[in-house]
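In what follows, a structure is listed as structure tokens, so that the remarks can point back to it.
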Amino acid sequence: MSGEVFGFSANRIGAMLRRHAYLLGGSWMRIIDIIYWPAVQMIMWGFLTQFLAGKTAYVAQAFGILLAGLLLWDSLFRVQLSVAISFLEEMWSRNLGNLFVSPLRPSEFAASVLLMGVIRTLLGMIPVSLMAWLFFDFSIYSMGFALAGFFANLTLFGWAIGIAVCGLVMRYGLGAENIAWAATFLFLPVAAVYYPVTVLPDWLQAVAWSLPPAYVFEGMRALLIDGNFRSDLMLGALGLNILYLGLGFAAFLGWFEASRRRGQLLGQGE
């Protein structure tokens, strides 16, 4: 057949490439997803490398600090993702319409996925924290009661992001599903997980101090390095979390109402 070499048709391959080019060109979410992960990794590790250069005293105790940061950051990510997954499971099974023709209120639905997010996170993070102690002789529980405060603040922020993501996916459909995995990592470079806020440029420092995780991770380092519990940082994170959680709920309820008016609840699913 004309145009075929070893059974391959350049025309058919070109047609498939064109199809995927149209998909990419017609969806800004797909384009952002391609750029997003490399950009986040590059920015975060660039700031970390910049901070560690010449910090020999910090490097000597960096293992425990970085491992604690990793565990706390993963708890934030797991809370947000677990909230989103609990919601997405209803969309994948086309169950949203069935739920909302029942007496279930949107606020009750939201509360259930938030609580499920915490349960899923604890089921995952408790065994992982014990593995860190078993394999690396590092116990995150050495932070004592401060750990409960750090976890609570990160949970509240994870709830705020997670419930807003649920509303966004409800409004725009499963085409926005990737946001469930990507949303939290948007904040990673400015969350001060592995390096202090002072490493960031001045304008990014202002952004970092507007986000609760920066307060949590600065407080974590103050506790692990200097042995000081910074109650001011804990209260600052709590105040911001109350604000963000309110905004997250407002976004969810607003997008729910928009979806209901458009009749999208019955048509959502795989």
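Because the structure is a prediction, the values reported are computed rather than measured.
- Ring pair Phe249/Trp159: centre-to-centre distance not below 6.0 Å.
- Put simply, the side chain of Asn153 gets close to the backbone of Leu238: a donor and an acceptor are under 3.5 Å apart.
- The backbone N or O of Ala192 sits nowhere less than 3.5 Å from a side-chain atom of Glu218 that would complete a donor-acceptor pair.
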Side chain to side chain contact (heavy atoms under 4.5 Å, CB included) assessment of Leu188 paired with Val193:
CA-CA 7 Å; Leu188 179 57; Val193 179; 3.7 Å; yes
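- Residues Val118 and Leu71 share a single hydrophobic cluster, defined by chaining ILVMFWY side chains whose heavy atoms lie under 4.5 Å apart.
- Residues Met131 and Trp73 are members of one and the same hydrophobic cluster, defined by side-chain heavy-atom contacts under 4.5 angstrom among Ile, Leu, Val, Met, Phe, Trp and Tyr.
- To the nearest 0.5 Å, atoms CZ (Arg221) and OH (Tyr195) are separated by 9.5 Å.
- By the 4.5 Å heavy-atom criterion applied to side chains, Ile163 and Val113 are counted as neighbours.
- A continuous path of hydrophobic side-chain contacts links Ile225 to Leu70 [ILVMFWY only; heavy atoms under 4.5 Å].
- Side-chain N or O atoms of Glu90 include none that pairs as donor or acceptor with a backbone N or O of Phe87 at under 3.5 Å.
- For Ser107 against Leu253, the heavy-atom pair with the smallest separation is N-CD2, 4.3 Å.
- Not a single donor-acceptor pair under 3.5 Å links the side chain of Glu89 to the backbone N or O of Ala84.
- For the atom pair CD1 of Ile85 and CG of Leu81, the computed distance is 4.5 Å after rounding to the nearest 0.5 Å.
- Separation of atoms CG (Asp74) and CE (Met125) is listed at 4.5 Å; rounding is to 0.5 Å.
- Cluster membership check: Leu154 shares its hydrophobic cluster with Val128, using side-chain heavy-atom separations under 4.5 Å among Ile, Leu, Val, Met, Phe, Trp and Tyr.
- Between the CG atom in Leu114 and the OG1 atom in Thr155 there is a gap of 10.5 Å [rounded to 0.5 Å].
- Aromatic pair Phe157/Phe187: ring centres closer than 6.0 Å.
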Mind running side chain to side chain contact (heavy atoms under 4.5 Å, CB included) on Arg230 and Tyr215 for me, showing each step along the way?
CA-CA 9 Å; Arg230 295 282 304 276; Tyr215 293 79; over 6 Å; no
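- Taking each heavy atom of Gly162 and Val83 in turn, the nearest pair found is C-CG1, 3.7 Å.
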Should Arg120 and Ser86 be marked as a side chain to side chain contact (heavy atoms under 4.5 Å, CB included) after you check the CA-CA gap, both sets of side-chain angles, and the distance that decides it?
CA-CA 9 Å; Arg120 285 175 180 257; Ser86 298; 3.2 Å; yes
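- A pairwise comparison of heavy atoms in Val165 and Ala180 identifies CG1-CA, 3.8 Å as the closest pair.
- Here the closest heavy-atom approach between residue Phe217 and residue Ala191 is recorded as CD1-O, 3.4 Å.
- By the 4.5 Å heavy-atom criterion applied to side chains, Pro212 and Leu156 are not counted as neighbours.
- Checked by atom type and distance alone, the side chain of Ser210 pairs as donor or acceptor with a backbone atom of Val207 at under 3.5 Å.
- Taking both residues in full, the closest heavy atoms of Ala164 and Ala251 are given as CB-CB, 4.4 Å, listed atom of the first, atom of the second, then distance.
- How far OG of Ser139 is from CG of Leu130: 8.0 Å, rounded to the nearest 0.5 Å.
- Between Phe229 and Phe145, the ring center distance fails the sub-6.0 Å criterion.
- The shortest side-chain heavy-atom distance between Phe252 and Leu168 does not fall under the 4.5 Å cut-off.
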Between Phe77 and Phe185, does the side chain to side chain contact (heavy atoms under 4.5 Å, CB included) criterion hold? Intermediate values first, please.
CA-CA 8 Å; Phe77 171 64; Phe185 284 91; 3.3 Å; yes
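- The structure places CG of Leu247 at 12.0 Å from CD1 of Ile161, a figure rounded to the nearest 0.5 Å.
- Pairing each heavy atom of Pro106 with each of Phe256, the nearest pair is CG-CE2, 3.2 Å.
- The cluster map of Ile, Leu, Val, Met, Phe, Trp and Tyr, joined by side-chain heavy atoms under 4.5 Å apart, puts Leu67 and Ile140 in the same cluster.
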